[in-house]
Peer 1: 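Below you'll find the structure I mean.
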Amino acid sequence: DAKTTQPTSMDCAEGRAANLPCNHSTISGNEYVYWYRQIHSQGPQYIIHGLKNNETNEMASLIITEDRKSSTLILPHATLRDTAVYYCIVSRPREGGKLIFGQGTELSVKP
Amino acid sequence: GAVVSQHPSWVICKSGTSVKIECRSLDFQATTMFWYRQFPKQSLMLMATSNEGSKATYEQGVEKDKFLINHASLTLSTLTVTSAHPEDSSFYICSAEAGGSLDTQYFGPGTRLTVL
């Protein structure tokens, strides 16, 4: 499975958009990009995933570059409850694809 | 939809005893479930992949005789930590893969194990 690179930490002002980048330059054609977040002492929460098209749901938007070597997770209006560690993972679903967690980005939303 | 539960949420046991942790997919069937371990201030580490009706596949360095996994039905997988020792104290998290249109893994809330 391809490896991802994320900044260790980021700050964001409450109410502003949080843009979390992820590099996955070795991604292969059948690997999806997944985003999860983990609030302290809880299990990871699924946010969004995509293959090559941009995706949007009620939580976030996922922008994937045309060459698929990087992506950005966008939280449009960050709240204090969005403070968490965000993980970008590439994996193949439905083939028993494992989710290998890196260190993620620790996002702090500040009032 | 796509809810995964774990029981217990926390457990304290004496060294040398065995502890069983249950993972259930509540509103979907999961042919594949995964078990992770997380130490303080570290990321999740995959321990094993569990497929319904077959033996689990363990990651390198994970002792299969110590961490027994059973996936007897499409909604239940169990992890038994045998002869637990203080170094096994950790946060254990399971996930279940929802196939079809859901197409992703959903995680349980985790089980905090403390071995005295």
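So that the names make sense, note that chain A is the first sequence line, chain B the second, and so on, each numbered from 1. As a basis for the values below, the full set of heavy atoms in this structure was taken, side chains included, without hydrogen atoms, waters or symmetry mates.
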Peer 1: For A/Q38, which atoms come within 4.5 Å of any heavy atom of chain B: side chain, backbone, both, or neither?
Peer 2: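 Contact with chain B: side chain only.
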Peer 1: Consider only side-chain N and O atoms of A/Y36 and B/T104, and report whether a donor and an acceptor are under 3.5 Å apart.
Peer 2: yes
Peer 1: Is it possible for you to say whether A/Y87 and A/I100 belong to one hydrophobic cluster, with membership spreading through side-chain heavy-atom contacts below 4.5 Å?
Peer 2: yes
Peer 1: Indicate, with yes or no, if B/L113 and B/V4 share a hydrophobic cluster defined by side-chain heavy-atom contacts under 4.5 Å among Ile, Leu, Val, Met, Phe, Trp and Tyr.
Peer 2: no
Peer 1: Which heavy atom in A/S41 sits nearest to a heavy atom in B/F91, and how many Å separate them?
Peer 2: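 Between these two residues, the closest heavy atoms are O-CZ, 3.7 Å.
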Peer 1: Where does B/E59 contact chain A at under 4.5 Å (heavy atoms): side chain, backbone, both or neither?
Peer 2: side chain
Peer 1: Rounded to the nearest 0.5 Å, how far does CD of B/E97 lie from NZ of A/K98?
Peer 2: 12.5 Å
Peer 1: Please classify the contact of B/L46 with chain A as side chain, backbone, both or neither, using a heavy-atom distance under 4.5 Å.
Peer 2: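 Looking at B/L46, just its side chain touches chain A.
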Peer 1: State plainly whether one hydrophobic cluster holds both A/I63 and A/M10, where clusters connect Ile, Leu, Val, Met, Phe, Trp and Tyr through side-chain heavy atoms under 4.5 angstrom apart.
Peer 2: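 The answer is no; the residues belong to distinct hydrophobic clusters.
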Peer 1: Considering residues, nucleotides and ligands other than A/K52, do more than 12 of their heavy atoms fall under 6.0 Å from its NZ?
Peer 2: no
Peer 1: Is the shortest heavy-atom distance from the side chain of B/Y36 to the side chain of A/P44 under 4.5 Å?
Peer 2: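 B/Y36 does not reach A/P44 side chain to side chain.
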Peer 1: More than 12 heavy atoms of other residues, nucleotides or ligands under 6.0 Å from CD of A/E106: yes or no?
Peer 2: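 Not buried by this count: 12 neighbours or fewer within 6.0 Å.
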Peer 1: Provide the closest heavy-atom pair for A/Y46 versus B/Q105 in the form atom of the first, atom of the second, distance.
Peer 2: CB-O, 4.3 Å
Peer 1: Quick one: are the ring centres of B/F34 and A/F101 less than 6.0 Å apart?
Peer 2: no
Peer 1: Does NE2 belonging to B/H7 count more than 12 external heavy atoms closer than 6.0 Å?
Peer 2: no
Peer 1: Using the rule that Ile, Leu, Val, Met, Phe, Trp and Tyr join whenever any side-chain heavy atoms are under 4.5 Å apart, tell me whether A/L73 and A/L80 fall into a single cluster.
Peer 2: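 Yes, because A/L73 and A/L80 connect within a single hydrophobic cluster, where side-chain heavy atoms sit under 4.5 Å apart.
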Peer 1: Do B/S95 and A/L99 have side-chain heavy atoms sitting under 4.5 Å apart?
Peer 2: no
